[in-house]
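A quick write-up on the structure given underneath.
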Amino acid sequence: MGSLFSLVGKSALVTGGAQGLGRMIAEGLLAAGASVAITSRNPDVCREAAAEMAEIGSCIALDADLSTPEAAAELAERYRKTCGACNILVNNAGKTWGAPIESFPDKAWAGVMAVNVQTPFTLIRELLPELEASAKPLDPARVINIGSVAGMKPEQLQAYSYSASKAALHMLTRDLARDLAARNITVNAVIPGYFPTKMTAHMRDEDAVDPALLSHIPLGRLGRAEDIAGIIVYLCSQAGSYVTGAQIPIDGGVVGCG
């Protein structure tokens, strides 16, 4: 069973991998044996996180502000020169904006859609040569797009551009999965629910979680690092080699039981 979930010898890029869900994902990949490159807009945060995670495995920092397609293409080139191979691409970096509909500004759309939808597409396109070179019929290259329960069902977050962008990313995942299957590249979407990240900070006070939020989650708790890392390792390992075009909620039942 150990070899079934081993990622030894694999190279991965995790955008937004210095903090929050991205760091949980990066640490899971490292623990499974992969070499990981992480990104963050803040160079100091990126370097510090990579240095800390280097205690688990090979981890390097590639700071990048992924708010434009040009920046995504530049990141792909830097990754290519620094790491060479790419077996795994995790599009985790994201942006949100929340406000009541009456005051939700037009400027809240372009930036959110760019980071959450266009950047993942651009990175996949630009890294296609590396992904295809590492792909084998029984051991495909893997692309994982990090979606959101807000893109699956109304969550009353008043984050209109965010929820629309995640729904778009889920559909983009299916389109790309179909188009890239013949190249032995799988594309899946992981749909996180509520985890202890900056996005849920207003719903938590240290370890105390808003009871209303917990009552909204059928399993009655926030997600843990093991929950998100486990599904990512599964999809990237031999165990997940026959899965593509899937949208997998990791949410304690918010989508499936709602």
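We count residues from 1, following the sequence as given.
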Non-hydrogen atoms of S67 and V115 that approach each other most closely: CA-CG2, 3.7 Å
Crowding at CZ, R80 (>12 non-hydrogen neighbours, <6.0 Å): yes
Side-chain heavy atoms of T186 within contact of S241, under 4.5 Å: no
K153 side chain near V254 side chain, heavy-atom distance below 4.5 Å: yes
Heavy-atom pair with the smallest gap, counting every atom of A71 and D65: CB-O, 3.1 Å
Electrostatic pair D175:R178 at N-O distance under 4.0 angstrom: no
V112 and T96, any side-chain heavy atoms less than 4.5 Å apart: no
Flag side-chain contact, heavy atom, 4.5 Å: I250 against I191: no
Check: N92 side chain, G16 main-chain N or O, donor-acceptor pair, under 3.5 Å: yes
Over 12 non-hydrogen atoms of neighbours within 6.0 angstrom of CD in Q156: no
Closest approach of F195 to R224 (non-hydrogen atoms, all atoms of both residues): CE2-O, 3.2 Å
Residue of the set N145, T119, T15 for which side chain to side chain donor-acceptor pair (under 3.5 Å) holds with N91: N145
Heavy-atom donor-acceptor pair, R125 side chain to A73 backbone, under 3.5 Å: no
Validation row: E27, I56 side chains within 4.5 angstrom (heavy atoms): yes
N188 (side chain) donor-acceptor with G245 (main chain) under 3.5 angstrom: yes
Linked, directly or transitively: L123 and M113 (ILVMFWY side chains, under 4.5 Å): yes
From SG (C46) to CG (L62), nearest 0.5 Å: 6.5 Å
Closest contact, heavy atoms only, A93 versus L66: CB-CD1, 4.2 Å
Closest non-hydrogen atom pair between N116 and S165, with its separation: ND2-OG, 2.9 Å
Donor-acceptor under 3.5 Å (T244 side chain, V187 main chain): yes
Ring geometry between W109 and F104 (parallel below 30°, tilted from 30 to 60°, perpendicular above 60°): perpendicular
Test item: S237 side-chain N/O and L4 main-chain N/O as donor-acceptor pair under 3.5 Å: yes
Name of the residue among V233, V90, L30 meeting side chain to side chain contact (heavy atoms under 4.5 Å, CB included) with I25: V90
S40 and D63: side chain donor to acceptor below 3.5 Å: no
Nearest heavy-atom neighbours spanning A141 and S134: CB-OG, 3.7 Å
T173 side chain vs A189 backbone, donor-acceptor pair below 3.5 Å: no
Gap between atom CE of M53 and atom CD of E48 - 0.5 Å precision: 10.5 Å
Side-chain donor/acceptor of N87 to backbone N/O of S11, under 3.5 Å: yes
Residue pair W97 / P105, side-chain heavy-atom distance below 4.5 Å: yes
Residue pair L235 / V243, side-chain heavy-atom distance below 4.5 Å: yes
Cationic N near anionic O, under 4.0 Å, R23 to E52: yes
Audit row: V14, L29, side chain to side chain contact (heavy atoms under 4.5 Å, CB included) steps and yes/no: CA-CA 10 Å; V14 180; L29 292 171; 3.7 Å; yes
Distance (rounded to the nearest 0.5 Å) between C59 SG and I38 CD1: 4.5 Å
Steps toward side chain to side chain contact (heavy atoms under 4.5 Å, CB included) verdict (L13, I88): CA-CA 6 Å; L13 172 60; I88 299 163; over 6 Å; no
From M152 atom CE to H170 atom NE2, the distance as rounded to the nearest 0.5 Å: 6.5 Å
Path from L219 to I228 over hydrophobic side-chain contacts below 4.5 Å: no
Backbone N/O of I146 and side chain of K166: donor-acceptor pair under 3.5 Å: yes
Point-to-point distance, once rounded to the nearest 0.5 Å, from CG of D227 to CD1 of I231: 10.5 Å
Side-chain H-bond candidate by donor/acceptor type, E74 with Y79, under 3.5 Å: no
Main-chain N/O of A72 paired with T122 side-chain donor or acceptor, under 3.5 Å: no
Donor-acceptor contact present, side-chain R142 to main-chain P140, <3.5 Å: yes
Distance (rounded to the nearest 0.5 Å) between D139 CG and Q238 CD: 5.0 Å
